[in-house]
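I have placed the structure first, in the form of structure tokens, so that the comments after it can refer back to it.
Just so you know, these numbers come straight off a predicted model, no measurement behind them. Scope of the values below: all heavy atoms of this structure, side chains included, with no hydrogens, waters or symmetry mates.
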Amino acid sequence: MTRRAYGWSAAALLLALLGAGLASAAEGSAALDKDWRGIAARGPRLSARGVVGYVLEGVAAGQPAERLEAALALAGEMQDRDPASPTYGNLRWYFADPRPDDLNAVQFCLQQATLIWLLYRDQLTPPARAELRRLLEFGREGVRRHRVRISYTNIQLMKCWNLLAVGACLEDPVAAAEGQTALAAWWGYTQTNGISEYLSPTYYGTNWDSLSLISRHAPDGASRAVAQAAMTLLWADIAANWFEPGQRLGGAHGRDYDYLTGHGYLDGQLR
């Protein structure tokens with residue numbers, strides 16, 4: 001996976017800063033308006049993850065209903081809905097892609113789409129809810145078909161969340177059970193082998209996203225307990241390897257895109 005999947009959008013970063021009292025509501029709204037202009041332009045580098053992320057941030061911030069409807073419809077256009085296709089249910093990473101080629105796309109998009117349904121579906125118009133439900137229904141199949149190694153920690157945890165969450169969204173106990181089983185298997189593997197993508201300034205942040213979602217929103221207590229235990233392990237590893245003078249993780253990194261200073265997506269959570 002390239003680093004393209006893990007950057008903060010301008011709106012996401014500003015909303016995080018708003019929570020810390022470091023940015024104004026006007027700046028957050030301006031960032032969302034900029035994201036919307038990019039969606040409306042349908043540029044070749046427009047990402048499906050960015051489109052779904054705009055809806056998540058936009059519905060929480062009160063963006064116009066017609067924009068949210070259009071963004072969800074566009075996400076649907078970027079989803080492979082051909083049952084005969086090997087990438088059925090997945091999404092094109094970029095608008096210009098002829099077909100899904102980065103199969104992690106469905107995991108990143110469903111991570112956000114399920115949260116929209118769980119937290120904000122009542123704030124969407126009926127057409128937007130219908131588009132979102134179709135995205136989830138096809139996405140459920142895309143998540144299931146995406147084969148992920150148990151050692152591919154960041155995407156494996158995202159898949160666990162997506163199965164648990166889409167099971168709750170669509171009232172599908174089979175999908176929820178698949179998520180419970182996958183999470184328990186990952187935790188058993190990790191207790192024996194440790195975290196495969198160890199001490200990663202980028203992927204620990206992605207792991208934290210999925211584990212925190214599971215710990216708060218998983219439909220079963222067992223999965224929430226596993227996520228909380230895994231977060232304790234992750235935090236202990238971060239704390240034990242923290243290099244205070246550089247304000248970053250020290251030690252050797254299993255995966256690292258910033259070879260010079262060792263910073264990454266995790267910095268957002270630590271900040």
Side-chain angles (χ1 to χ4, degrees), residues 48-49 52 55-56 72 75-76 78-92 99-100 102-122 124 126 128-192 196 206-231:
R49 183 194 182 196
V52 179
V55 177
L56 174 59
L72 284 167
M78 297 177 72
Q79 190 171 40
D80 183 350
R81 295 180 174 179
D82 177 4
S85 170
T87 56
Y88 178 48
N90 215 305
L91 293 96
R92 307 196 307 268
R99 64 187 64 84
D102 185 336
L103 299 185
N104 292 342
V106 70
Q107 307 295 352
F108 281 96
C109 290
L110 263 288
Q111 184 190 49
Q112 300 178 102
T114 51
L115 205 55
I116 299 167
W117 185 270
L118 291 172
L119 299 181
Y120 300 113
R121 65 182 180 274
D122 291 340
L124 295 172
R129 278 198 301 275
E131 288 285 359
L132 177 59
R133 186 172 181 88
R134 284 193 289 271
L135 187 71
L136 293 172
E137 288 172 343
F138 286 102
R140 171 177 53 188
E141 187 62 26
V143 167
R144 279 175 164 153
R145 291 185 177 210
H146 185 203
R147 304 302 178 195
V148 181
R149 297 188 312 276
I150 199 168
S151 59
Y152 192 9
T153 310
N154 77 103
I155 300 299
Q156 176 66 12
L157 287 175
M158 203 175 298
K159 183 174 182 178
C160 292
W161 158 252
N162 285 332
L163 288 168
L164 289 164
V166 82
C169 292
L170 301 179
E171 299 180 353
D172 179 354
V174 175
E178 289 171 357
Q180 294 163 16
T181 300
L183 182 63
W186 173 82
W187 184 230
Y189 172 90
T190 299
Q191 287 177 298
T192 300
S196 296
T206 310
N207 297 343
W208 195 268
D209 284 350
S210 296
L211 289 170
S212 62
L213 288 172
I214 294 169
S215 72
R216 294 182 182 185
H217 301 294
D220 66 294
S223 294
R224 293 194 296 271
V226 167
Q228 289 162 5
M231 290 170 76

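Every residue two or more places apart in sequence or in another chain that forms a side chain to side chain contact (heavy atoms under 4.5 Å, CB included) with L115 is listed here: L56, L119, W161, L213, H217. By the side chain to side chain contact (heavy atoms under 4.5 Å, CB included) test, A128 is found to be paired with E69, L72, L124, T125, residues two or more places apart in sequence or in another chain being considered. Partners of R224 according to the salt bridge (charged side-chain N to carboxylate O under 4.0 Å, His left out) rule, which considers only residues two or more places apart in sequence or in another chain, do not exist here. With sequence neighbours left out, the side chain to side chain contact (heavy atoms under 4.5 Å, CB included) criterion links A75 to V51, V52, L135.
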Under the criterion side chain to side chain contact (heavy atoms under 4.5 Å, CB included), I'd like the reasoning laid out for W186 against V148: C-alpha separation, chi angles, the key distance, then a yes or no. CA-CA 11 Å; W186 173 82; V148 181; over 6 Å; no

Please lay out, stage by stage, how I155 and F108 fare under the test side chain to side chain contact (heavy atoms under 4.5 Å, CB included). CA-CA 9 Å; I155 300 299; F108 281 96; 3.8 Å; yes

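If you take OG1 on T206 and CD on Q107, they are separated by 12.5 Å, rounding to the nearest 0.5 Å. Atom-to-atom distance recorded for R147:CZ and K159:NZ is 6.0 Å, nearest 0.5 angstrom. Interatomic distance, CG of L157 versus CH2 of W187, reported as 10.0 Å (0.5 Å rounding). For the atom pair CE (M158) and OH (Y152), the distance works out to 8.5 Å, reported to the nearest 0.5 Å. To the nearest 0.5 angstrom, L163 atom CG is 10.0 Å from Q180 atom CD. Atoms CG and CD, on N207 and Q156 in that order, are 11.0 Å from each other to the nearest 0.5 Å.
For N90 (side chain) and V106 (main-chain N/O), a donor-acceptor pair under 3.5 Å exists by modelled atom type. Checked by atom type and distance alone, the side chain of S215 pairs as donor or acceptor with a backbone atom of S212 at under 3.5 Å.
Minimum heavy-atom separation, S151 to Y189: CB-OH, 3.6 Å. Closest heavy-atom contact between L132 and A113: CD1-O, 3.8 Å. When all heavy atoms are compared, the tightest approach of D82 to Y88 is O-CD1, 3.3 Å.
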Would you list the atom pairs, donor with acceptor, under 3.5 Å between side chains in residues 169-177 and any protein atom, with sequence neighbours excluded?
| residue | atom | partner | partner atom | Å |
| --- | --- | --- | --- | --- |
| D172 | OD1 | V174 | N | 3.0 |
| D172 | OD1 | A175 | N | 3.2 |
| D172 | OD2 | R140 | NH1 | 3.0 |

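The neighbour count for R99 CZ, taken as heavy atoms of other residues, nucleotides or ligands under 6.0 Å away, does not exceed 12.
A 4.5 Å side-chain heavy-atom check between L110 and F138 finds every atom pair outside the cut-off. Between N104 and H146 there is a side-chain heavy-atom pair separated by less than 4.5 Å. Using a 4.5 Å cut-off on side-chain heavy atoms (C-beta onward), Q79 and R134 make no contact. Here the side chains of V226 and L211 are not in contact, with every heavy-atom distance at 4.5 Å or above. In this structure, the side chains of I214 and L183 come closer than 4.5 Å at one or more pairs of heavy atoms.
Legend: salt bridge (Lys or Arg N to Asp or Glu O under 4.0 Å) pairs involving residues 208-218, not counting sequence neighbours: none detected.
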